[in-house]
*Asks:* 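So that we are looking at the same thing, I have put the structure below in structure tokens.
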Amino acid sequence: MVKDYKTDKGKVDENFCRDVYEIVKNIPEGKVCTYGIIARLIGKPQASRMVGRALKHLPESVNLPCHRVVNATGRLVPGWNEQSLLLNDEKVCFKSNGCVDMSLSLWDYEVILLK
DNA sequence: CAGATGACCGCAG
DNA sequence: TCTGCGGCCATCT
């Protein structure tokens, strides 16, 4: 197992990372989500960085569409060129500069709140 | 223990 | 939407 998300204090972000995985897994194809939104859904709008860090530490064994998670500006993950290919296959709208068109491809996360 | 780093966010221009 | 500045939080050095 990975040695992440655990500390000696016993009080860990197990519910935090778990919720992150659940949310990311619920992202439909052709849609993307931002770290801030995910962090807010969990209840920690300041933990946006932790979301990104958690995904990076995430092993490939886990089946998560982390490529559908981008930052607020629609910027893709630096150093991960494959992400653009995956999103392109998802029929996600891109801009000329290579950023995702948030207005069109942003996941309507409100549906999860209504449910 | 303090400083630097990072798959970031919000605000202002 | 993009850039610059400050802030937040956990990990690394």
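Letters A, B, ... mirror the listed sequences (proteins, then strands); counts begin at 1. Bear in mind the structure is a predicted one, so any value in this text is a computation, not a measurement.
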*Asks:* Under the salt bridge (charged side-chain N to carboxylate O under 4.0 Å, His left out) rule, collect the residues that match up with A:R68, sequence neighbours excluded.
*Replies:* A:E90
*Asks:* Side chains of A:W107 and A:T34, heavy atoms from C-beta outward: is any pair under 4.5 Å?
*Replies:* no
*Asks:* Following the transitive rule for hydrophobic clusters with a side-chain heavy-atom cut-off under 4.5 Å over Ile, Leu, Val, Met, Phe, Trp and Tyr, establish whether A:W80 and A:I27 coincide in one cluster.
*Replies:* yes
*Asks:* If we only count heavy atoms from C-beta on, is the A:I42 to A:I23 side-chain gap below 4.5 Å?
*Replies:* yes
*Asks:* Do you know which two heavy atoms are closest between A:C33 and A:I37, and how far apart they sit?
*Replies:* SG-CG2, 3.8 Å
*Asks:* So, applying side chain to side chain contact (heavy atoms under 4.5 Å, CB included) with A:V92, which one of A:L86, A:V32, A:V70 is it?
*Replies:* A:V32
*Asks:* How many Å lie between CD1 on A:I42 and C1' on C:dC8, as a whole number?
*Replies:* 15 Å
*Asks:* Looking only at heavy atoms, what is the nearest atom pair of A:Y21 and A:L58, with distance?
*Replies:* OH-CD1, 3.3 Å
*Asks:* When every nucleotide of nucleotides 6-13 of chain B is labelled 5' to 3' by its protein contacts under 4.0 Å (heavy atoms), B for base, S for sugar-phosphate only, - for none, what sequence of letters results?
*Replies:* BBBSS---
*Asks:* Tell me, do A:I38 and A:V24 make a side-chain contact under 4.5 Å, heavy atoms counted?
*Replies:* yes
*Asks:* Dot-bracket for DNA chain B, 5' to 3', counting Watson-Crick or G-U wobble pairs under 3.5 Å, with [ ] for crossing pairs and | for inter-strand pairs?
*Replies:* .|||||.||||||
